[in-house]
Every structure is written in C-alpha cells, then in structure tokens.
Amino acid sequence: MLSNDEIKDGVSERGGFPVERKRMKQWSMRITAYCDRLINGLDTIDWPDSIKEQQRNWIGRSQGASVKFAVDGHPSTHIEVFTTRVDTIYGVSFMVLAPEHELVHAITTSAQKNEIDSYIKWAGSRSDVERMQEGKKVSGAFTGAYAINPFNDEKVPIYIADYVLAGYGTGAVMGVPSGDQRDWNFAKHFDLPIIPILDAQKGIDTEADATKEGRYINSGMINGMDYKTGTATLIQWLEAQKLGAGKIQYKLRNAVFSRQRYWGEPVPVYWKNDLPYLVEEKDLPITLPEVDKYLPTETGEPPLGNAENWRYTAPDGHQYEYELNTMPGWAGSSWYFYRYMDPNNDSVFASKEAIDYWQQVDFYIGGSEHAVGHLLYSRFWNQFMYDLGLVPHAEYAKKLVNQGMIQGRSNFVFRAKERFFEEYLWIKVLQPFLSDTDPIKMYEPGFEEEMNYDYAFASNDLVIEVTSYKQEEKIERIRQAAAADGKRLLILSNEEISDTINQPEIVAAKIRAALQSRDLFIMDGTKPKSQTLFISHNLVHKYSDEACSALHVDVNLVENDMLDLNLAKGVRMFEGASFKVDAEGKFTCSAEVEKMSKTKFNVVNPDHVIERYGADCYRMYEMFIGPIEVAKPWNTNGISGVAGFLRKFHDLFYNEKGWNVVDAEPTKDELRQLHLAIKKVSDDIERFSLNTCVSHFMILTNELRALKCNKRAILEQSVVLIAPFAPHIAEELWRGFGYTTTVCDATWPQLNAAYLETDSIIYPVQINGKHRGNVEVAVGTSNADIEQMVLAQEFVQRNLAGAAVKKLIVVPGKIVNIVM
RNA sequence: GCGGGAAUGGCGGAAUGGUAGACGCGCUGGUCUCAAACACCAGUAACUUCACGGUUGUGCGAGUUCGAGUCUCGCUUCCCGCACCA
C-alpha cells in the first residue's frame, strides 16, 4: 500500500516493485460541508496571517455561477461550466473541456476523431512534472462540435485542452479571451475571435484585461451596465430560464479517513450484507486484535484482515466482519487537547466541568508545516463537536504562533569524477613538471570525437589515458587503438593517482620514466589502495564544474568547515578514500543552510551542548538568539554569553563560604532595578518576546552585581522571575531560601510603579529633529520652566547661533524639540 | 503568476512615532599571570578631528510629521506557501 509520492515511474520508490492500482472503499470526513465556516472562523482567531492565508487558499472558495450551454446537434446533452465572471459571457468565443471530460467522445465528429484521440493519448502520457516544465505552452484539439451560448444563441467551437483540469469545477471552461489570460493565449494560438466586453478594457490585442471597471459593450441585455448590476441581471435571467444559478465552488476535497495500517484507532463499524453498521456503544472501545504480521493480507486487505476469529457479535446474535481500515493520525491529533483537561475520565473524553473550566486553548505553538493539515482538520473537527454541543467554542485555539525552525548548517565534501583526474594531470603534473616535453591536452571538446587518449606529446610517441583500472574493456580497446595508431600507451589509473594525490611529483616521475622507456604498453600492475578521492573545497575552484560532485557529509565530522580526517576514516562513506588536502594539510568543506534532516547529515544533537553548559543555558540560549517565530541556523557562537550570565546570577547568592543572602532592607536603587525587571519581563512574556526577557535578566544581574546586592527581598523575587527561563537553577536557589515546595507555586512578583519613579528626568534635546544634548530636569517642572532651562543651555545657544526659535515642543517625560 | 513575510554594525539581534544599534558574540587595549587560559576593567556604526565636536547612517525613491527604522505610496532583493483553480 503506497501513497502517490512513494511511486516513481510506475514502480515503488523503495525496492522498485511494480505498482497496481486498485479501487478501495474508504471512509471520508465531509470537511467540505464546513468550507465557509472554516474561512469565516479565521477572522475570529489570533493566528499568523500566513497560516490563515494558506488555509484560505487551500479551501479555495470562489464565488460565481454555473451556466448550461447546449450542444449543437445534440439536443439531449449540454455542457455545464463554472465561472467566476459570468458577466463576461458575451465575450465567449470558444469552449474548452478537460481531455477526460465525459462528453468528449459523444460530441466529437468523425472528421476530428483521430485528432482528438491522439491529443487525449498525448495528454495522458505526460507527467505532472513535464506539464510544469512546459509552463504556459498552449496545446489543444478541436472536437468538431459547437456549443450554443444561451444568451445570444451564438455557436462557438468546442475544444479539449489540458489547461482545463478535470478535477475542478465541472471540467469545462467557457473561453473569454478578452478577460482571461489563459483563454487569451488559447485564442491567439487557435486564431479565435477576441471580443471586447467592457469599455474600460485596454490593450486586448497584446494581452487579456481582467478589469471589472467600466460599462459593458457587445453584451446584449447588460450593455451599459456596471459589473455589479450586470452580474446580478445575468444570474437572475439564468435562474429564471433554469439554465444556471449563482454558485460557490471550493477547491477543498473531502478528507479520506481510512488508513490501511495496523496502528490506528479501529473504526467502530461492522459489515452486514455489504452495508456498514455502528458497533453498539456498550461494546466500545474496540481494541486492536493480535496479528501475526503488520502487513496487508494476500488479497490486499488492510493488516487487520490478518486477525483470526476477529468478528463482532451483533445484537441479532450473528457474527459479522469488522471494518478493517483504521483511522488516520488526525483522528487523535484533532482534539487531543480536550483530553488533557480531564485525562483520567473513563466515561467521556472530558467532563463538561473540566471543559467549562479550561475553555479554549489560550496559546498554541506549532510548526507552519501543519498549516493545511492538522491545523485545518482540527478546526473542522472542533466545529463539528461544537455543533453537537460538546465544546463551548467553535474555534479551539485563541492564539497560535509558529515557532521558527532551527535550521541546520550542512557541510559538503567534493568527490572526484573521472574528469577531475584528467584536469589534475594537466594542472598539477604535466604543466609544472613536464612542460619541457610539450604535452598536448586532448580531452577537451573537439578532440574527444576522433581521439582515444587524454594526452599526447609533441616530441614523443607516448600517449596517456587516465581511467579507472577497473575499466578493463575500455583499457583493452584503447590499447588496440594505440597499437593501430603506432603509439605507445601509458595507462594511469584514477586510483593510483589518488594514492599519491598530495605528491604530484611521483606521478610526474612515472610519466618521465614512460617517456624514456621503449615499452609499448605501460600500466602499474600493483593494486592501488584508493577507491575514491575527495578534494578539499578550497581547491575545487581550480577545476571545472564537471570535475567533482558535492556530497553531504555528517556535520559531526566537521569543525569550522574543516573535516576531521581521523574521524572521517572510520566512516563508511570514506572507506578506501584518499583526500587531496590544501597547502596547509587541511581538508575544507563547503557549507549551506538547510532544513535539519537525517538525509542531509546536518542534525546536531543538543546533548553535547547540555552536557557542557547545562539544560538551563541551552533553553535560555534558544530563547536569546531571536524572536520566537524567526527561523535561523543553529549556531552556538553566542552561548558563552548566556553561560556567563547564569554563572553571575548564581554568584549573587553565594560567596566563597557558601550561601550569602542577607535579610537587610533593600535600597531604593536595588528596588528600582528589581521592579524595572518585573515590568519588562512581565510585559515581554505577554507579547512572547522571550529574547528581550533574557536580555533584561542580563541587565538586572549586571546592575545587582554593580550594587553588590545580596538582599533576600530582591534576590527571592528575581528567582521567581527567572524560573520560567532557567527552571533548574531557579529551583535550586529557591530551596536555598529554605522553601520545601517548588518555585512554580510562588506568586508572580507584583510591579510597584512607585519604585520606578526618579527625582529627575533627563530630556534629550533635539534641534530640528537632531539630537544635540541632554538636560536634566527635576520631576514636576512645568513646561515653561523646562523651555527656559533648555534655552539657557550652552549647547543649545551654540547650535542656534543666533537664529530665532520658531517653535519649541516639550513632550512631557519624553523629549524636547526646538525648531529654528 | 498569485498570496504572505522580511531587509538595522563584523555577527545574532534591540528600539510599541521621541537620544538608532539595548543585550550578547566577536574584536582591540589594560589588570592579574613566568606565560597562556579563566576572570575582571575600558573601548568598539562609518567618516572626520590631537581634542571638544562635526558629517553621514536602519535595502532604494518619494511623502506625512516639530520628529520616521517605525506610518503612507512606489520600487529592489531575499525567504516561505500556493500554483493552468476558470
């Protein structure tokens, strides 16, 4: 049992087994009945715009009309189309059906049959990938039949084309080239008329104009009307004539609810005379039966079909087969949060009291990859439960935030291809060591055709071929060709070059020896050690793009983009490998930011970070590196700053002798710092700005250190503040105060704004909007007095340079601006 | 093509119309040390000045405002999602 994306080229992606398509009877959930409510509900919840937009797109609501077109010469048939622009119907100059449309064969004329058949065949043979690659290339075929526009009785030709999708709407489109670009492209290609329908349409000779502005022309009963009245008039007429109606179309399909797997909730249904019946409530829950193997049965039934004697005894006393499909993951993931409200209840999913107490989920944090899966299904599921009166809100999550993904930083190594060895020989051996022998490069395009070897020499009858020693047939062929040409042949294998890759003089010596010998065929008889060759990244730029291929390498073998060669030698990927290192003996890798994934070998395990810095530090660092919803690559460069801060915070409570907190009365400064932190952290938590909370803890710690504060009244509150951010350290310090219960039970510190007040305010002074200096003013000074003080400042007079003050703005508590 | 988001020092980022660059990393100098590491202190947007100071500066171009990183309009680039949806 495979999903579509597990099939490649008609066989299974894994194993390459042939795939057979079978019809299956499956349960599905009628999510389409909730399309409008799922769209409208989005306006009532505080979710990210991107998620809302993705859900809207996925549901794909379009408002329009359906219209029936008669087919000329086929009195009993008609073609129904869906259009969002019924107002353009007088501009119809052709009709297009999807190639799969059921009427195609019935209406195609015998003269056009061949053309239509071959188009259907061609269209069916093209994969989605091919269709995407070809982009907007127009194709189609004429059926020979004509449709009749119900509004003006004009006959328009009926085509088939694969730009019309069988699965959307009715699989038929009315072609209005003046108002729709795809229709326009089609009309141009098949030389069909392009009829203007609005006086505001511009340039329809060069492209379609989809405007709804202006007044209708060439449009029968709606001539002179605007979009709104025109549309209403047409729909009214259609409905009166029973030829169509206003209609809303959705892209969303019903959601298949059956899975052919073992591990899933059993569906509480049994089958009697091919009809499903619900299992009696007293017989619930159904538990999964024992099976020998979790695979489909011989006949292709789901794995539950393997269970022996698994039958339901119905109220009529007879035994019946259970439903064999199980439920999908979203059967549970759509409403699990209600179970959290009342996890031990064994009569209902959650008691009414529990649900009334907890109400909605206040804050849901999750990945944006669930935008149109889980996050849409769960809203649908909840709406349904709401309709049944089981839950108090149509939407289950008031606020949702997508956390940004921590991305991986992938490293790549470069593996030599055949071409590399050819180029290497030229760049690193023949040119530097053997230029006196006038080597000739023959592998470049142009030579390739007529020549068999890679190198020759102007003054010697030796030729060189570079290839793998395993290519015995090729070597033999070249050997014979060389003999026929009267050339002596030196075979250098990729592998022997690899063996001495960091000492090009060795290969140079071999070549020189070969040049001087009289042997007709020279090849190293010993078996080289190297199987593959990898080239340091900082060297690959010397070679062409075809010389190497880039491969993901496990980032745990790499430090600072340098491959640890000792570690690498123990890895399967580098078995029998040689490494071409740079002049400093280093092997470098290239790097790229990608999603973290096993297949990209860029997964970093936080364990070693936690081992070195502790879980609190790891947790805080993740918060510290930026806003929660922003994705960024994992990078521990700044973690020492957080580690240092935690240590300093911890040090506030201890001296060399141990616990060092005293009960003395705190100073005004100390209280001010504490309450600044209470304000900042409390506010920032509310807006999920965790990185600035961490910053402020750093500020608080630095200030308290500067004040040498070790007073309980200050430190105890600080511990409560930091507890959600560094729970382990907070818990330990909390116990230091003598508490035996958890810090989680402490009351959140209350802000006392009185502690934040100061005796004076420092006003920044701007002149023409530019900051020029500051003035310290006692609290309570009147604006008039502040103006006097500001104007008396030396720096103000200097900057004014005698010019008149046009305006002086004092924003109380904030700033002063002088306009001159 | 459609939709959504983003753009600020060497780097991660801060700034809810009011001193741009908080906090941290990195870097530079200093103290300690035989030395290094750690720790601590100071400095660190660019240009200019011995210094005081000055000029420029939040992707680009306009606008609103006493005052714009922030608001409005028009672009550019990048990221994400959807995509022949009639």
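Note on naming: letters A, B, ... go to the chains in the order of the sequence lines (proteins, then strands), and numbering restarts at 1 for each one. In this text, all values refer to a predicted model and were calculated from it rather than measured experimentally.
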Is it true that Arg687(A) and Asp683(A) have a side-chain N and a carboxylate O under 4.0 angstrom from each other?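 Salt bridge flag = no for Asp683(A) with Arg687(A).
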Salt-bridge criterion met for Asp43(A) and Arg56(A) (N-O under 4.0 Å):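 The answer is yes: the pair qualifies as a salt bridge.
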Quick one: [X] [atom1] to [N] [atom2], roughly how many Å, whole number?
| X | N | atom1 | atom2 | value |
| --- | --- | --- | --- | --- |
| Glu629(A) | C79(B) | CD | C1' | 14 Å |
| Gln181(A) | G1(B) | CD | P | 12 Å |
| Arg705(A) | C41(B) | CZ | C1' | 11 Å |

Under a 3.5 Å cut-off for both distances, is [N] Watson-Crick or wobble paired, and to whom?
| N | result |
| --- | --- |
| U56(B) | A45(B) |
| G24(B) | C11(B) |
| C82(B) | G1(B) |
| U31(B) | A39(B) |

Side chain of [X] - closest among [options]:
| X | options | result |
| --- | --- | --- |
| Lys251(A) | G53(B), A86(B), C85(B) | C85(B) |
| Asn637(A) | U56(B), A86(B), C25(B) | C25(B) |
| Phe624(A) | G26(B), G24(B), U19(B) | G24(B) |
| Tyr168(A) | C84(B), C23(B), C85(B) | C85(B) |
| Pro764(A) | G18(B), U19(B), G24(B) | U19(B) |
| Asn57(A) | G4(B), A86(B), G81(B) | G81(B) |
| Arg182(A) | G13(B), G24(B), A86(B) | A86(B) |
| Ile809(A) | C25(B), C66(B), C84(B) | C66(B) |
| Arg772(A) | G3(B), G12(B), U55(B) | U55(B) |
| Ser695(A) | C40(B), A22(B), A86(B) | A22(B) |

Need one value for [X]: base, sugar-phosphate or nothing, where a base atom within 4.0 Å counts as base even if backbone is also close, heavy atoms only.
| X | answer |
| --- | --- |
| Asn691(A) | sugar-phosphate |
| Gln766(A) | base |
| Lys52(A) | nothing |

Examine C38(B): is either OP1 or OP2 under 4.0 Å from a nitrogen or oxygen in the side chain of Arg647(A)? Give yes or no.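 No, no such contact exists.
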NE2-CH2 distance between His374(A) and Trp330(A), expressed to the nearest 0.5 angstrom: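 If we round to the nearest 0.5 Å, His374(A):NE2 and Trp330(A):CH2 are 12.0 Å apart.
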Taking O4'-C1'-N9-C4 for purines and O4'-C1'-N1-C2 for pyrimidines, is G63(B) syn (within 90° of 0) or anti?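 The base of G63(B) is oriented anti (glycosidic angle more than 90° from 0).
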Test side chain to side chain donor-acceptor pair (under 3.5 Å) on Gln181(A) and Asn185(A) and set out the steps. CA-CA 6 Å; Gln181(A) 191 57 44; Asn185(A) 294 343; 3.0 Å; yes
Which comes earlier along RNA chain B counting from the 5' end, the contact point of His696(A) or that of Trp58(A), where each point is its nearest nucleotide?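 First, find each residue's nearest nucleotide; the 5'-ward one identifies His696(A).
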Comparing Val811(A) and Gln54(A) on RNA chain B - which has the more 5′ nearest nucleotide: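 Residue closer to the 5' terminus by nearest nucleotide: Val811(A).
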I would like to know whether Tyr216(A) and Tyr227(A) meet ring pair (Phe, Tyr, Trp, His ring centres under 6.0 Å); could you show each step before the answer? CA-CA 8 Å; Tyr216(A) 290 96; Tyr227(A) 173 74; 7.4 Å; no
Is the count of non-hydrogen atoms from other residues, nucleotides or ligands lying under 6.0 Å from His771(A) atom NE2 greater than 12?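 Count over threshold, so yes.
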